[in-house]
Participant: 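Mind looking over this structure? Questions follow.
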Amino acid sequence: MSDLWQNAMDHAVAIARKSGELVREALRDDRKVMTKSSSIDLVTKTDQKVEQLIIQSVREKFPSHRFIGEESVAAGETCDLTDTPTWIIDPIDGTTNFVHAFPFVAVSIGFYVNKQSEFAVVFSCLEDKMFTARRGGGAFCNGEPLQVSDQEDVRQSIIATEFGSNRDVEAVDKIFSSLRNILCLPVQGVRSAGTAAINMCLVASGCVEAYYEIGVHVWDVAAASLIVSEAGGVLMDVDGGAVDLMSRRIIAANNRTIAENLVKEIESFSPTRDDTPPPQVNHY
Ligand SMILES: O=P(O)(O)O[C@H]1[C@H](O)[C@@H](O)[C@@H](O)[C@@H](O)[C@@H]1O
Ligand SMILES: [Mg+2]
Ligand SMILES: [Mg+2]
């Protein structure tokens, strides 16, 4: 039986690779930096150019499909996932890395139908690693199958996390308190690739046992979540419940044992959800 979404997935891989070429070219040019929610929440013309390239190319082939794109949302579009086929796009995951030429930068494209992930593409464009997954079809890196680590002992694990762009002291205190608790389990190492999508692909690849973050956005994790689960991993909310991709909280782990070890150590808080409606403006 032919796969209804194979044509769309093939397009996603092709446009992710083309986007990666744009990113690599831009690395050689001037990377003009702008800011969004704060002086450390960066965006560049390349982020915006790549997102438009992806959206316009998809619109031509699939005009009825919808989009949730990081830079479109930053420009005021809503962040609502409906049952309609929806492309969830992070044009550059690791913008701060891109600006500093730190070599972990990903193009992330998730595809959801009826609020369920059908396929995922994460292109780590400086490593030339194309991570893909099809629901029920496994996860791959450059065509090679991926499998999470079989480690059950958190004290023999490497854990990945990110500090995000929130510098609110209360949030930072909780982030560091969680990090201290996890470090002192002890774990063998803590790593930050600087991009949620690549951290999660490292979980899927069996290189790290788990990744967690509070403050991450739906476009950071929408694609890599399927890559982790198709590689045999698990997704969980930081309080141990079911993961909610709009909640800005996630644990992606090789198994429930490791994930539940992290839940015990994380001091959780709840950032404003990605799907929070914009404030009503009263026009008197
Ligand atoms: O590079 P981005 O697309 O903005 O995503 C990053 C985010 O900037 C950073 O604060 C962390 O949350 C990372 O996990 C994201 O991938
Ligand atoms: Mg991102
Ligand atoms: Mg981004």
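Both ligands and their constituent atoms are indexed starting at 1 by order of listing. It should be emphasised that the depicted structure is a prediction, and the values quoted were computed from it without experimental measurement.
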Participant: Specify side chain, backbone, both or neither for Asp90, according to which of its non-hydrogen atoms lie closer than 4.0 Å to ligand 1.
Facilitator: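 Near ligand 1, Asp90 shows its side chain, while the N, CA, C and O stay back.
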
Participant: For atom CD of Glu170, is the number of surrounding heavy atoms from other residues, nucleotides or ligands below 6.0 Å larger than 12?
Facilitator: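 Atom CD in Glu170 is not crowded, with 12 or fewer foreign heavy atoms closer than 6.0 Å.
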
Participant: Nearest 0.5 Å please: distance from the CE atom of Met9 over to the CZ atom of Phe111.
Facilitator: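 Output value for this atom pair is 11.5 Å.
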
Participant: When you compare the side chain of Leu262 with that of Met236, does any pair of heavy atoms fall below 4.5 Å?
Facilitator: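 No, their side chains stay 4.5 Å or more apart.
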
Participant: Considering only the protein, which heavy-atom contact is closest to atom 4 (O) of ligand 1, and what is its distance?
Facilitator: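 Looking only at protein heavy atoms, the one closest to atom 4 (O) of ligand 1 is Glu70 OE2, 3.4 Å.
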
Participant: Among Glu213, Arg248, His217, Lys36, whose heavy atom sits nearest atom 11 (C) of ligand 1?
Facilitator: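 When every heavy atom of Glu213, Arg248, His217, Lys36 is considered, Glu213 comes closest to atom 11 (C) of ligand 1.
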
Participant: Can you establish whether the number of heavy atoms outside Lys36 located under 6.0 Å from its atom NZ is more than 12?
Facilitator: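 Yes, the 6.0 Å shell around NZ holds more than 12 heavy atoms from other groups.
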
Participant: Is any N, O or S atom of Asp220 under 2.8 Å away from the Mg ion (ligand 3)?
Facilitator: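 Given the 2.8 Å cut-off, Asp220 does not count as a ligand of the Mg ion (ligand 3).
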
Participant: Can you list the atoms of ligand 1 that are under 4.0 Å from a heavy atom of Ser165?
Facilitator: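 Per the distance check, 10 (O).
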
Participant: Looking only at N, O or S atoms, find the one in Asp93 nearest to the Mg ion (ligand 2) and name it.
Facilitator: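 Minimum-distance N/O/S atom of Asp93 relative to the Mg ion (ligand 2) is OD1.
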
Participant: Near the Mg ion (ligand 3), is there an N/O/S atom from Ile92 that is less than 2.8 Å away?
Facilitator: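 Coordinating: yes.
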
Participant: Which is it for Asn199 and ligand 1 at heavy atoms under 4.0 Å: side chain, backbone, both or neither?
Facilitator: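 Neither part.
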
Participant: Look up atom NZ in Lys129 and atom CD in Glu144, then write down how far apart they are to the nearest 0.5 Å.
Facilitator: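 Taking NZ in Lys129 and CD in Glu144, the distance rounds to 12.0 Å.
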
Participant: If you measure from the Lys or Arg side-chain nitrogens to the Asp or Glu carboxylate oxygens, is any gap between Arg248 and Asp275 under 4.0 Å?
Facilitator: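 No, this pair does not count.
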
Participant: Look only at the side chain of Ser225 and the backbone of Ala222, and say whether a donor-acceptor pair between them is shorter than 3.5 Å.
Facilitator: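 Pair absent, no side-chain N/O of Ser225 close to backbone of Ala222.
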
Participant: How far is atom 9 (C) of ligand 1 from its nearest protein heavy atom, and which residue and atom name does that atom have?
Facilitator: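 Of the protein heavy atoms, Gly164 CA, 4.2 Å lies nearest.
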
Participant: Run the salt-bridge test on Arg66 and Asp80 with the 4.0 Å N-O cut-off and return the result as yes or no.
Facilitator: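 Judged by the 4.0 Å cut-off on N to carboxylate O distance, Arg66 and Asp80 do not form a salt bridge.
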
Participant: Do the side chain of Glu230 and the main chain of Gly136 share a donor and acceptor less than 3.5 angstrom apart?
Facilitator: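 Yes; at least one donor-acceptor contact below 3.5 Å.
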
Participant: Look at atom NZ of Lys115 and say whether more than 12 heavy atoms of other residues, nucleotides or ligands are closer to it than 6.0 Å.
Facilitator: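 Counting other residues, nucleotides and ligands, NZ of Lys115 exceeds 12 neighbours.
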
Participant: Kindly confirm whether the Mg ion (ligand 3) is within less than 2.8 Å of some N/O/S atom in Glu70?
Facilitator: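 So Glu70 counts as coordinating the Mg ion (ligand 3), yes.
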
Participant: Have a look at Asp90 and say which of its N, O or S atoms is nearest the Mg ion (ligand 3).
Facilitator: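 Of the nitrogen, oxygen and sulfur atoms in Asp90, the Mg ion (ligand 3) lies nearest to OD1.
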
Participant: Quick one: which of Gly94, Ser108, Ala196 has a heavy atom closest to atom 1 (O) of ligand 1?
Facilitator: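 Going through Gly94, Ser108, Ala196 one by one, Gly94 has the nearest heavy atom to atom 1 (O) of ligand 1.
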
Participant: What atoms in ligand 1 come closer than 4.0 Å to a heavy atom of Thr195?
Facilitator: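 Contacts of ligand 1 toward Thr195, numbered from 1: 16 (O).
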
Participant: If the test is ring pair (Phe, Tyr, Trp, His ring centres under 6.0 Å), which one of Tyr112, Trp219, Phe119 qualifies with Trp87?
Facilitator: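 The option that passes is Phe119.
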
Participant: Among all the protein's heavy atoms, is there at least one whose distance to atom 7 (C) of ligand 1 comes out below 4.0 Å?
Facilitator: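 So atom 7 (C) of ligand 1 lacks protein heavy-atom neighbours under 4.0 Å.
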
Participant: How does Asp93 reach ligand 1, if at all, at less than 4.0 Å between non-hydrogen atoms: by side chain, backbone, both, or neither?
Facilitator: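 The answer is both.
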
Participant: Using a plain distance cutoff, I'd like to know if Thr95 has any nitrogen or oxygen under 3.5 Å from a nitrogen or oxygen of ligand 1.
Facilitator: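 So ligand 1 has an N or O lying under 3.5 Å from an N or O of Thr95.
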
Participant: Under 3.5 Å, N or O to N or O, is Ile92 touching ligand 1 that way?
Facilitator: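 Yes, at least one N or O pair falls under 3.5 Å.
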
